[in-house]
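What follows is a short report on a single structure.
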Amino acid sequence: MEMFDVIIVGAGAAGLFCAAQAGQQGLNVLLLDNGKKPGRKILMSGGGRCNFTNLYIEPAAYLSNNPHFCKSALARYTQWDFIDLVGRYHIGWHEKTLGQLFCDESAQQIVDMLLSECDKGGVTVRMRSEVLNTERSEAGYRLTLNGGVVHAPALVIASGGLSMPGLGASPFGYKIAEAFGLNVLPTRAGLVPFTLHKPQLEQLRTLSGVSVEAMVSAENGVSFRENILFTHRGLSGPAILQISSYWRPGEKVIINLLPDQEVDAFLQTRRASNPDQSVKNALSQLLPKRLVDILQVTGDIPDITLKQLSPRDRVAIAQRLHGWQVQPNGTEGYRTAEVTLGGVDTRALSSRTMEARDAPGLFFIGEVVDVTGWLGGYNFQWAWSSAWACAQALGARKRD
């Protein structure tokens, strides 16, 4: 049986960073993963350029049953700390929109940086390692692997959630939590495209590929303003992915297709200057023609000229375009979801150390925990911050 100071399960963002930080504090660290390569989700994120953090990280951008839980870790290891680390490796980056930071070249640079940091800490990384059994004793945690038995006084679960099973996602972390008496909150797909009921999908199918900047709102009042994208299955795009985390089955989504335009005033102005123009052609100045055509087919826009518009018609059109309603029949699920909502109940963990209150030496970090950020680098920052907090606690245990 091999002995280590800490065993970390999951070589994703949180696991790699925690291993590096713990190793550099002098701990003998074993990092395990059942996949072929470390950082698989990092490599495909941000279109292959890894949206590694956001300039505007704040606790309000995170969903959790306990919204206060994330505050400590985010305050102690900030986006500026990670940006500084990226700078030390001379990795070029740029802000895309809304504070989202991407590598200029490739997400591989972030993985290489994390592996270099692990090398500095003398971390033992073992891929294709499956955990077959986990036992706890007074001396720590004993893991039976597909290639032997390992033991450590501390065990860190950084195995992620259920999103993107094609990249190796599994319920492993939740099963470990439950096995050691921790509550696991119900999970669901987050940051995920919507699917639509067949009648509406049939109407909108011809819009596949059309993108519009819009304000999208959930029934609870949360709104996001970014692009929406019509797909052959339903709706996607940044604004849709954001709102999906706040949507519940059976609810509607309200889409303001023209957040910068007073439609009623626009139609009045156009009527004065070109009364014989059709309403459809007038609105095609503001929206993609294919979308306007469909809105006429669905009856949201009447097939008349501007001079035929009554004041009541104008108000009705404005209300529909500023409050276009869609009722999804579901989401595309974990297959395409970027994150998993829910997970290990934060009430079972210390917000300062990520350690389980009733299972000394057992830690949970990253996506497996019930903390989910917005689209745009927020979830990576949670991975870095929660991993750092955990590593500091591991270092303190070693020194004590």
Side-chain angles (χ1 to χ4, degrees), residues 8 10-21 31 33-57 61 77-121 123 125 127-128 158-169 190-193 226-227 236-238 241-242 334-340 365-368 372-388:
I8 300 174
L16 283 165
F17 194 58
C18 185
Q21 294 294 312
L31 177 61
D33 195 282
N34 62 3
K36 296 178 183 178
K37 294 181 179 180
R40 285 174 291 175
K41 205 167 178 182
I42 299 173
L43 291 171
M44 59 73 59
S45 68
R49 292 195 175 183
C50 187
N51 179 192
F52 57 82
T53 192
N54 194 289
L55 294 176
Y56 307 120
I57 298 293
Y77 189 86
T78 71
Q79 64 270 41
W80 310 113
D81 294 314
F82 195 78
I83 291 168
D84 179 65
L85 176 62
V86 169
R88 295 205 299 272
Y89 278 80
H90 307 291
I91 298 172
W93 56 267
H94 59 278
E95 179 186 357
K96 195 170 181 181
T97 56
L98 303 172
Q100 301 171 16
L101 303 190
F102 291 78
C103 296
D104 287 344
E105 295 180 23
S106 168
Q108 184 67 54
Q109 294 173 290
I110 298 296
V111 174
D112 291 344
M113 177 190 78
L114 294 170
L115 290 173
S116 293
E117 287 289 292
C118 284
D119 286 343
K120 287 182 183 178
V123 175
V125 180
M127 305 304 296
R128 296 185 175 180
S159 54
L162 300 174
S163 55
M164 299 188 181
L167 294 177
L191 300 181
V192 63
E226 287 189 75
N227 280 1
S236 188
L241 299 185
Q242 294 278 38
Y334 293 118
R335 183 181 63 83
T336 59
E338 297 203 14
V339 292
T340 304
I365 59 175
E367 189 182 351
V368 72
T372 304
W374 290 350
L375 184 73
Y378 292 90
N379 289 293
F380 273 126
Q381 187 58 47
W382 171 245
W384 318 135
S385 297
S386 60
W388 187 90

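For this chain, numbers begin at 1 and follow the sequence in order. Not measured: the values here are computed from a predicted model.
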Quick check: do [X] and [Y] have side-chain heavy atoms less than 4.5 Å from each other?
X	Y	answer
T340	Y334	yes
R128	K36	yes
E117	L85	yes
N379	E338	no
T78	D81	yes

Rounded to the nearest 0.5 Å, what separates atom [atom1] in [X] from atom [atom2] in [Y]?
X	Y	atom1	atom2	answer
Y378	Q242	OH	CD	8.0 Å
W382	I365	CH2	CD1	9.5 Å
S163	R335	OG	CZ	13.0 Å
F17	S385	CZ	OG	8.5 Å
D33	L16	CG	CG	8.5 Å
M164	T336	CE	OG1	7.0 Å

Closest approach of [X] to [Y] (non-hydrogen atoms, all atoms of both residues):
X	Y	value
A14	G366	CB-CA, 4.0 Å
G190	A337	O-CB, 3.5 Å
I83	T53	CG1-CG2, 4.0 Å
I42	S45	O-OG, 2.7 Å
F82	Q381	CB-OE1, 4.2 Å
P193	L241	N-CD2, 3.4 Å

Ignoring hydrogens and angles, tell me if any N or O in the side chain of [X] forms a donor-acceptor pair with the backbone of [Y] under 3.5 Å.
X	Y	result
Q109	S106	yes
R49	F102	no
N51	G377	yes
Q21	A387	no

Do W384 and F380 have their ring centres less than 6.0 Å from each other?
yes
Take a 6.0 Å sphere around CD of E95 and say whether it holds more than 12 heavy atoms from other residues, nucleotides or ligands.
yes
Quick one: sort the F52 and W93 rings into parallel, tilted or perpendicular, breaks at 30° and 60°.
perpendicular
